[in-house]
Amino acid sequence: MKRAADDSQPEFTPRQGQYLAFISLYTLLNGRPPAEADMMRFFRATPPTVHQMVLTLERRGLISRQPGVPRSIVVLLHRSVLPELEPGHAQGGQLHHPYARFVT
C-alpha cells in the first residue's frame, strides 16, 4: 500500500492507485475527468467492475464526484502521492493520447 509521509493520508491498494493515477492523468491531458467508459477501455474492465471501483474510491475519501453528473470525478490526493500509471493496462500497452509521450 502507498502511504504519504503524513500518517493521516489515506492508504490505497496498488489497483486503486492505478485508477487514481489514470483519473489524474486523464484529467490533466484532456481538461476534464474521464467517463467510466474511458476507464473500462483503459483497464479492460466490465462496467460493474469500474463502477464498484469508483464507489470504493469515493467511500474511502480518495475521490469526490456528483452522482448522476457525467465526468464529475475529482481526485482528492495530490499527484505527488499517486503512483506512476502503468501503461500495460492500455490496449497495445500505450496511452492513446497524442501528448502521452510527454508525461510518461
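Every heavy atom of this structure was used, including side-chain atoms; hydrogens, water molecules and symmetry mates were not. The first residue of the sequence shown is numbered 1, and numbering continues consecutively from there.
- At least one donor-acceptor pair under 3.5 Å links the side chain of R60 to the backbone N or O of E11.
- Atom CG of L20 sits about 13.5 Å away from atom CZ of R79, to the nearest 0.5 Å.
- The shortest heavy-atom contact between S24 and V75 is N-CG2, 4.1 Å.
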Verdict with supporting geometry, T46 and T49, side-chain hydrogen bond (donor to acceptor under 3.5 Å, both in side chains): CA-CA 5 Å; T46 64; T49 298; 2.8 Å; yes
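- Considering every non-hydrogen atom in both F12 and L77, the closest pair reads CE2-CD1, 3.8 Å.
- Residues Q18 and P83 come closest through the heavy atom pair NE2-CG, 4.0 Å.
- The aromatic rings of Y19 and F43 lie parallel to each other, their planes meeting at an angle below 30°, with 60° marking the opposite boundary.
- Atom CD of E58 is separated from atom CG of L76 by 9.5 Å, given to the nearest 0.5 angstrom.
- Residues L28 and L57 are members of one and the same hydrophobic cluster, defined by side-chain heavy-atom contacts under 4.5 angstrom among Ile, Leu, Val, Met, Phe, Trp and Tyr.
- Contact between P33 and T27 at its shortest, heavy atoms only, is CA-OG1, 3.3 Å.
- Aromatic ring centres of F42 and Y26 lie farther apart than the 6.0 Å criterion allows.
- P47 has its side chain out of reach of E36: every pair of non-hydrogen atoms, C-beta onward, lies at least 4.5 Å apart.
- Between the CE atom of M39 and the NE2 atom of H51 there is a distance of 10.5 Å, given to the nearest 0.5 Å.
- M53 contributes atom CE, which lies 10.0 Å from atom CD1 of I63 (distance to the nearest 0.5 angstrom).
- Counting heavy atoms from C-beta on, the side chains of R65 and P67 come closer than 4.5 Å.
- Cluster membership for L62 and V74, using ILVMFWY side-chain heavy atoms within less than 4.5 angstrom, is not shared.
- Atoms CZ and CD1, from R32 and I73 in turn, are 12.5 Å apart once rounded to the nearest 0.5 Å.
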